[in-house]
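To start, the structure itself, in structure tokens.
Numbers for residues simply follow the sequence, beginning at 1.
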Amino acid sequence: MVGLFFSAAQTFAGTYPLGNMTCPEIGQFASKAMQWREDGVTPKEAVQRLEQMRPGESVEKKNMRMLIQLVYGSYGDNWTVESAGTTMKMDCESGR
């Protein structure tokens with residue numbers, strides 16, 4: 001099952017540079033976004049939370065927006081807080 005998530009997430013592997021974020025930080029934010037989803041935070045509210053965390057436009061903010069889209073999209077339907085973080089960390093470490 002993790003392999004399925006990994007291959008699905010890998011589709012997005014080349015769409016963003018890391019900026020100043022490390023792969024563990026990418027995974028941590030994916031887990032945080034998944035926790036928001038599980039807590040009933042709407043996608044719009046999640047983006048608002050992101051706006052409060054990272055003002056302005058940056059590579060990191062774009063990465064975080066993409067992670068929110070993945071978490072609130074069909075991939076997130078099958079993720080847990082832990083698996084979202086693990087999957088996105090592994091995706092990051094796969095060669096970007």
Side-chain angles (χ1 to χ4, degrees):
M1 191 172 222
V2 171
L4 174 63
F5 298 138
F6 179 69
S7 64
Q10 209 167 17
T11 303
F12 297 94
T15 61
Y16 58 90
L18 292 178
N20 293 323
M21 293 182 83
T22 66
C23 291
E25 289 170 336
I26 294 276
Q28 289 168 358
F29 184 76
S31 289
K32 179 183 281 196
M34 192 67 214
Q35 185 64 59
W36 292 342
R37 180 181 171 166
E38 287 187 3
D39 290 344
V41 173
T42 67
K44 183 178 179 179
E45 292 168 332
V47 171
Q48 289 171 342
R49 289 182 182 195
L50 173 59
E51 293 297 327
Q52 293 170 357
M53 294 171 57
R54 293 268 186 187
E57 291 303 313
S58 65
V59 170
E60 295 82 9
K61 188 173 179 180
K62 289 176 186 175
N63 292 344
M64 294 167 129
R65 272 196 205 121
M66 187 212 48
L67 291 170
I68 287 172
Q69 290 174 343
L70 290 171
V71 163
Y72 281 89
S74 60
Y75 297 120
D77 292 344
N78 297 305
W79 285 343
T80 64
V81 170
E82 184 179 339
S83 69
T86 301
T87 299
M88 295 314 301
K89 180 179 174 274
M90 287 173 44
D91 178 58
C92 176
E93 293 171 344
S94 72
R96 279 180 285 130

Next on the checklist: Please check this pair: side chain of S31 against backbone of A84, looking for a donor-acceptor N/O pair closer than 3.5 Å.
Outcome noted: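 Judged by distance alone, no pair lies under 3.5 Å.
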
Checklist entry - Side chain of Q52, backbone of R49: donor and acceptor closer than 3.5 Å? => result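 Side chain of Q52 to backbone of R49, a donor-acceptor pair under 3.5 Å: no, none is there.
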
Checklist entry - Which pairs with one or both residues in residues 25-50 pass ring-ring contact (aromatic ring centres under 6.0 Å, His included), sequence neighbours excluded? => result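 Applying ring-ring contact (aromatic ring centres under 6.0 Å, His included) to every pair that reaches into residues 25-50, excluding sequence neighbours, yields F29-W36.
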
Can you tell if the side chain of [X] reaches within under 4.5 Å of the side chain of [Y], non-hydrogen atoms only?
X: K89; Y: E25; result: no
X: M53; Y: M64; result: yes
X: E60; Y: N20; result: yes
X: E51; Y: R65; result: yes

Checklist entry - What is the minimum heavy-atom distance between A30 and V71, and which atoms define it? => result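 Scanning both residues, the minimum pair turns out to be O-CG2, 3.8 Å.
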
Checklist entry - Shortest non-hydrogen contact from I26 to C92? => result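 Heavy-atom minimum between the residues: CG1-SG, 4.4 Å.
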
Point-to-point distance, once rounded to the nearest 0.5 Å, from [atom1] of [X] to [atom2] of [Y]:
X: T87; Y: N78; atom1: OG1; atom2: CG; value: 10.5 Å
X: C23; Y: M88; atom1: SG; atom2: CE; value: 10.0 Å
X: S58; Y: N63; atom1: OG; atom2: CG; value: 8.0 Å
X: M66; Y: Q69; atom1: CE; atom2: CD; value: 8.0 Å

Checklist entry - With sequence neighbours left out, what residues match E82 under side-chain hydrogen bond (donor to acceptor under 3.5 Å, both in side chains)? => result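 For E82 there are no side-chain hydrogen bond (donor to acceptor under 3.5 Å, both in side chains) partners, ignoring immediate neighbours.
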
Next on the checklist: Test of understanding: with ring-ring contact (aromatic ring centres under 6.0 Å, His included), list the residues that count as partners of Y72, not counting sequence neighbours.
Outcome noted: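 None.
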
Checklist entry - Does a donor on one side chain and an acceptor on the other come within less than 3.5 Å for T80 and S83? => result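 The criterion, which ignores hydrogens and geometry beyond distance, is satisfied for S83 and T80.
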
Checklist entry - Applying salt bridge (charged side-chain N to carboxylate O under 4.0 Å, His left out), which residue pairs with at least one partner in residues 29-40 are found, sequence neighbours left out? => result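 Salt bridge (charged side-chain N to carboxylate O under 4.0 Å, His left out) check on residues 29-40 returns R37-D77.
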
